[in-house]
A.B. asks: 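My questions all concern the structure below.
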2 protein chains.
Amino acid sequence: MRLLIVEDEPRMATALQRGLIAEGFTVEVALNGPDGLHLARENSYDAIVCDIMLPGLSGYRIIEALRAEQNWVPVLVLSAKDGEYDEADALDLGADDYLVKPFSFVVLLARLRAVLRRGVRPRPAILACGDLTLDPAARAVRRGNVEIELTPREFSLLEYLMRRAGDAVSKADILHHVWDAHYEGDANVIEVYVGYLRRKIDQPFNRHAVQTVRGAGYRLAVDGG
Amino acid sequence: MRLLIVEDEPRMATALQRGLIAEGFTVEVALNGPDGLHLARENSYDAIVCDIMLPGLSGYRIIEALRAEQNWVPVLVLSAKDGEYDEADALDLGADDYLVKPFSFVVLLARLRAVLRRGVRPRPAILACGDLTLDPAARAVRRGNVEIELTPREFSLLEYLMRRAGDAVSKADILHHVWDAHYEGDANVIEVYVGYLRRKIDQPFNRHAVQTVRGAGYRLAVDGG
DNA sequence: CCTCGACGATCAGCAGACGCATGGTGGGAG
DNA sequence: CTCCCACCATGCGTCTGCTGATCGTCGAGG
């Protein structure tokens with residue numbers, strides 16, 4: 001397992017490096033932001049351990065840049081900040097975990113292993129199908145650069161369909177995940193809401209973004225219609 | 001997005017439920033370990049938020065049981081313990097994240113979103129015979145790159161034949177698997193539906209993709225006709 | 001090679017299921 | 001009170017699944 005540590009404080013960097021090497025990892029170290037981003041771009045690591053406060057380029061920007069380039073390497077953030085919004089921001093930018101200094105080495109190890117176990121699947125913080133995008137954290141939907149206003153129900157429905165983009169999703173599934181497990185009403189609500197959604201997210205002269213799969217349910221076009 | 005909360009303290013459970021519902025999630029609650037495990041087994045959640053100290057069955061055991069059954073639903077653990085080894089244990093058992101009480105709701109949300117990003121996606125499983133492909137998850141059939149629209153019955157018939165491509169499949173088998181085990185009607189339906197299929201999936205100037213084996217049934221050509 | 005019977009293919013038609021639009025109701029927030 | 005959101009009910013047009021009848025084809029035996 002090959003790791004990159006991005007940490008500007010030399011003593012911390014060295015301590016981490018020693019500890020992780022002792023645990024059997026292959027470890028490289030960058031002492032500032034730009035170097036860290038450069039190394040992360042040029043090499044393929046199994047995970048990155050990254051400080052937030054870095055000279056030259058903050059940890060936030062590094063994660064943002066990597067994710068924008070479709071680089072889904074797991075990133076574990078270290079930070080002296082313990083504000084809840086700092087943590088939430090880092091995670092919503094695409095970090096995989098967040099540890100507040102001072103932290104225990106055992107915990108770091110466990111979290112590192114948890115993050116490594118998940119591997120490098122694409123897990124964008126913002127869902128996209130063609131030029132249709134949905135940001136779960138900001139609860140925002142856009143077609144290109146145009147923001148689309150959705151009601152809460154419409155939003156949940158679209159989010160669920162986008163997380164399963166390309167799959168045919170049955171109405172029972174939709175009812176369970178977007179409405180409620182013991183929802184008793186008519187499945188007709190789904191049809192109504194798909195109708196609402198289409199009016200808002202479809203573009204003229206294109207096919208529906210939400211396709212009907214007769215007898216099976218609905219499918220969100222991977223290219224967003 | 002459908003969540004399960006397993007938490008024995010009623011006030012905490014209710015608070016979480018309210019907050020998460022307000023964020024647009026579909027939420028169910030279990031107030032003890034056995035109920036939680038039961039619900040997790042019977043239903044399909046997008047994520048589980050699980051306390052560790054539970055009456056009847058600890059959170060550890062729940063995760064362990066689910067993972068042993070190949071259930072990889074993302075689990076976010078909550079705990080009042082702050083011993084570092086507890087945390088390491090939970091993560092190594094297959095939890096996906098860990099929060100120590102008291103925690104910030106904003107952070108819980110962000111971590112939940114991070115955990116939801118990866119989802120559970122065993123993708124491939126696309127059946128192919130020559131350039132004829134069938135994707136059961138997407139409920140899509142194509143000849144080359146051209147999408148072919150099939151009705152539900154046509155689709156299940158083709159799926160069954162493709163899963164047994166190259167075999168001669170008897171009409172009794174087809175009736176059992178595509179129709180119903182105790183279907184009483186005329187076996188002529190099969191002939192009718194094979195006809196429908198051929199019209200849609202055969203290419204001109206080629207032999208039938210679904211070949212007739214006189215007196216025995218039908219066989220799907222391995223090369224797709 | 002021809003005949004005949006059994007098996008398979010095709011067709012038209014119908015009943016019911018399905019999906020969609022629309023307008024209406026009710027309840028909660030401001 | 002007003003607005004908006006979630007949901008319900010109705011009606012319509014289309015599609016699907018199936019039936020029953022007819023037509024075509026294969027192949028064994030003479």
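These numbers come from the heavy atoms of this one structure, side chains and all, not from hydrogens, waters or symmetry mates. Here is the naming used below: chain letters follow the sequence lines, and residue numbers restart at 1 for every chain.
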A.B. asks: How close do B/F105 and B/G19 get, heavy atom to heavy atom, and via which atoms?
C.D. replies: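 In this case the closest contact between B/F105 and B/G19 is CZ-C, 3.5 Å.
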A.B. asks: Measure from the side-chain heavy atoms of B/Y196 and tell me the nearest of D/dG17, D/dC7, D/dC18.
C.D. replies: D/dC18
A.B. asks: Grab the two heavy atoms, one from B/D202 and one from B/A209, that are nearest each other, plus how far apart they are.
C.D. replies: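 Residues B/D202 and B/A209, closest heavy atoms: OD1-N, 3.0 Å.
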A.B. asks: Write down the distance between CD (A/E191) and P (D/dC8), rounded to a whole number of angstrom.
C.D. replies: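 Checked: the CD to P distance equals 13 Å.
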A.B. asks: Is any side-chain heavy atom of A/W179 closer than 4.5 Å to one of B/T26?
C.D. replies: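 No. Closest side-chain heavy atoms not under 4.5 Å.
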A.B. asks: Reading DNA chain C in the 5' to 3' direction, which nucleotide is the first one with an atom under 4.0 Å from a heavy atom of chain A, and which is the last?
C.D. replies: C/dC18 to C/dT22
A.B. asks: Look at the side-chain N and O atoms of B/T151 and state whether any lies under 4.0 Å from the OP1 or OP2 oxygen of D/dG17.
C.D. replies: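 Yes.
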A.B. asks: Between A/D180 (CG) and D/dC7 (C1'), how many Å, whole number?
C.D. replies: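 Going from CG in A/D180 over to C1' in D/dC7 covers 15 Å.
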A.B. asks: What is the distance, rounded to the nearest whole Å, between atom CG of A/L175 and atom C1' of D/dC8?
C.D. replies: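 After rounding, the reported distance stands at 14 Å.
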A.B. asks: Check this one for me: any side-chain N or O of B/W179 less than 4.0 Å away from OP1 or OP2 of D/dC18?
C.D. replies: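 Answer yes for this pair, as a side-chain N or O of B/W179 is under 4.0 Å from OP1 or OP2.
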A.B. asks: Mind listing the closest non-hydrogen atom pair of B/V210 and B/R198 along with its distance?
C.D. replies: O-NH2, 2.6 Å
A.B. asks: Just how large is the angle between the end axes of the helix from C/dC1-D/dG30 to C/dG30-D/dC1, five pairs per end, to 10 degrees?
C.D. replies: 30°
A.B. asks: Which pair of non-hydrogen atoms, one from A/G94 and one from A/I63, has the smallest distance, and what is that distance?
C.D. replies: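 Shortest heavy-atom separation between A/G94 and A/I63 comes out as C-CG2, 3.8 Å.
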A.B. asks: Under a 4.0 Å threshold between the charged nitrogen and the carboxylate oxygen, would A/D173 count as salt-bridged to A/R164?
C.D. replies: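 Between A/D173 and A/R164 there is a salt bridge, with a charged N closer than 4.0 Å to a carboxylate O.
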A.B. asks: Measure from NZ on A/K200 to C1' on D/dA6 and round the result to the nearest Å.
C.D. replies: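 The distance from NZ of A/K200 to C1' of D/dA6 comes to 12 Å, rounded to the nearest Å.
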A.B. asks: Using atom OH of B/Y193 as one end and atom C1' of D/dC15 as the other, report the distance to the nearest whole Å.
C.D. replies: 10 Å
A.B. asks: Considering only D/dT19, D/dC7, D/dA6, which nucleotide approaches the side chain of B/N188 most closely?
C.D. replies: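 My answer, after comparing the listed nucleotides, is D/dT19.
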A.B. asks: Ignoring the backbone of A/V189, work out which of D/dC7, D/dC18, D/dG20 is nearest its side chain.
C.D. replies: D/dC7
A.B. asks: Considering all heavy atoms of both residues, which atom of A/A95 and which atom of A/V77 are nearest to each other, and what is their separation?
C.D. replies: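 Shortest heavy-atom contact: CB-CG2, 3.7 Å.
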A.B. asks: Between A/D97 and B/R111 (salt bridge meaning N to carboxylate O under 4.0 Å), is one present in this structure?
C.D. replies: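 Answer for the salt bridge query: yes.
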A.B. asks: Within 45 degrees of the ring normal and closer than 6.0 Å to the centroid, is that where the cationic atom of B/R139 sits relative to B/F155?
C.D. replies: yes
A.B. asks: Distance-only, no hydrogens or angles: does the A/K200 side chain make a donor-acceptor pair with backbone N or O of A/E149 under 3.5 Å?
C.D. replies: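 Yes; at least one donor-acceptor contact below 3.5 Å.
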A.B. asks: Using a strict threshold of under 4.0 Å (side-chain N to carboxylate O), is an ion pair present between A/R67 and A/D96?
C.D. replies: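 Here A/D96 pairs with A/R67 in a salt bridge, since their nearest N and O are under 4.0 Å apart.
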A.B. asks: Considering every strand and a 4.0 Å limit on heavy-atom distances, what is the contact class for B/V192: base, sugar-phosphate, or nothing?
C.D. replies: base
A.B. asks: Using whole Å, what does the distance between atom C1' of nucleotide D/dC15 and atom CG of B/L150 come to?
C.D. replies: 14 Å
A.B. asks: Under a 4.0 Å heavy-atom cut-off, which of residues 213-225 of chain A touch DNA chain C?
C.D. replies: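 Hits under 4.0 Å, by residue number: A/R214, A/G215, A/Y218.
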A.B. asks: Take atom CZ of B/R199 and atom P of D/dC15, then tell me their distance rounded to the nearest Å.
C.D. replies: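 So the CZ-P distance, B/R199 to D/dC15, works out to 16 Å.
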A.B. asks: Look only at the side chain of A/R142 and the backbone of A/D135, and say whether a donor-acceptor pair between them is shorter than 3.5 Å.
C.D. replies: no
